[in-house]
J.: 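I'd like to ask some things about the structure below.
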Amino acid sequence: MHCQTGSWGSYVPTTRTTVGDPLERIERLASENAVVIFSISSCCMCHAIKRLFCGMGVNPTVYELDQDPRGKDMEKALMRLLGSSPAVPVVFIGGKLVGTMDRVMASHINGTLVPLLKQAGALWL
């Protein structure tokens, strides 16, 4: 998919029927693609982070937690993982937790985001 208004890389509905620990599910989903964003569709900060990646030419895989029947459990697991609230947006690059909006923006500003994206195979420039 192209990153245009209302389209964020690969939107993946998370309605699979696998049962298990929400944190294990997050780790599995995060490791399946180069850039993974856990988001809530009505969140302005989530929108901004998706626009950042799309503007860089990266097609993130986006999991909209408010559209997942187990999204609340996943959101709580992300809050435990981060030790903070709110839990979204949360970005994983190369299967590794980068963090929320502040950590991603700090990485972008200090120049460490692009090398991470290149290393994960999400950016070729």
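Predicted, not measured: the structure shown is a model, and the values here were computed from it. Side chains included, hydrogens not; waters and symmetry mates left out as well; all remaining heavy atoms used. Throughout, numbering of the chain's residues begins at 1 and tracks the sequence.
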J.: Could you tell me whether the side chain of V91 reaches within less than 4.5 Å of the side chain of F53, counting heavy atoms only?
T.: yes
J.: Nearest 0.5 angstrom please: L65 CG to E75 CD, how far?
T.: 6.0 Å
J.: Side-chain contact test, heavy atoms from C-beta onward, threshold under 4.5 Å: evaluate it for V36 versus V62 and give yes or no.
T.: no
J.: In terms of heavy-atom contacts, does CE of M45 have more than 12 from other residues, nucleotides or ligands at under 6.0 Å?
T.: no
J.: Are M105 and L113 packed together at the side-chain level, in the sense that at least one heavy-atom pair is separated by less than 4.5 angstrom?
T.: no
J.: Give the ring-plane orientation class for Y63 versus F38, where under 30° counts as parallel, over 60° as perpendicular and anything between as tilted.
T.: parallel
J.: In chain order, what residues pass the side chain to side chain donor-acceptor pair (under 3.5 Å) check against D66, with sequence neighbours excluded?
T.: S41
J.: Looking at E27 and K96, is any side-chain nitrogen of the basic one under 4.0 Å from a carboxylate oxygen of the acidic one?
T.: no
J.: The test is salt bridge (Lys or Arg N to Asp or Glu O under 4.0 Å); show your working for E64 and K50 and say whether it passes.
T.: CA-CA 12 Å; E64 299 289 358; K50 291 180 258 189; 2.7 Å; yes
J.: Given V104, which of L116, I93, L52 fulfils the side chain to side chain contact (heavy atoms under 4.5 Å, CB included) condition?
T.: L52
J.: Where is the tightest heavy-atom contact between C54 and P60, given as atom of each residue plus distance?
T.: SG-CD, 4.2 Å
J.: How long is the straight-line distance from SG of C44 back to CD1 of I49, given to the nearest 0.5 Å?
T.: 11.5 Å
J.: Measuring only between side-chain heavy atoms, which start at C-beta, is Q67 closer than 4.5 Å to I40?
T.: no
J.: For A122 and A34, work out which heavy atoms get closest and say how close.
T.: CB-CB, 3.8 Å
J.: Measuring only between side-chain heavy atoms, which start at C-beta, is L23 closer than 4.5 Å to M74?
T.: no
J.: Determine whether I26 and V90 make a side-chain contact, defined as any pair of heavy atoms from C-beta on separated by less than 4.5 Å.
T.: no
J.: So if you build clusters from Ile, Leu, Val, Met, Phe, Trp, Tyr with side-chain heavy-atom gaps below 4.5 Å, do M79 and F92 land together?
T.: no
J.: Once ring pair (Phe, Tyr, Trp, His ring centres under 6.0 Å) is applied, what residue pairs with a partner in residues 96-125 remain, sequence neighbours excluded?
T.: none
J.: Can a salt bridge be assigned to the pair R28 and E24 using a cut-off of 4.0 Å between side-chain N and carboxylate O?
T.: no
J.: In this structure, which one of N33, I37, V35 forms a side chain to side chain contact (heavy atoms under 4.5 Å, CB included) with T61?
T.: N33
J.: Do S39 and V88 touch side chain to side chain, with heavy atoms closer than 4.5 Å?
T.: no
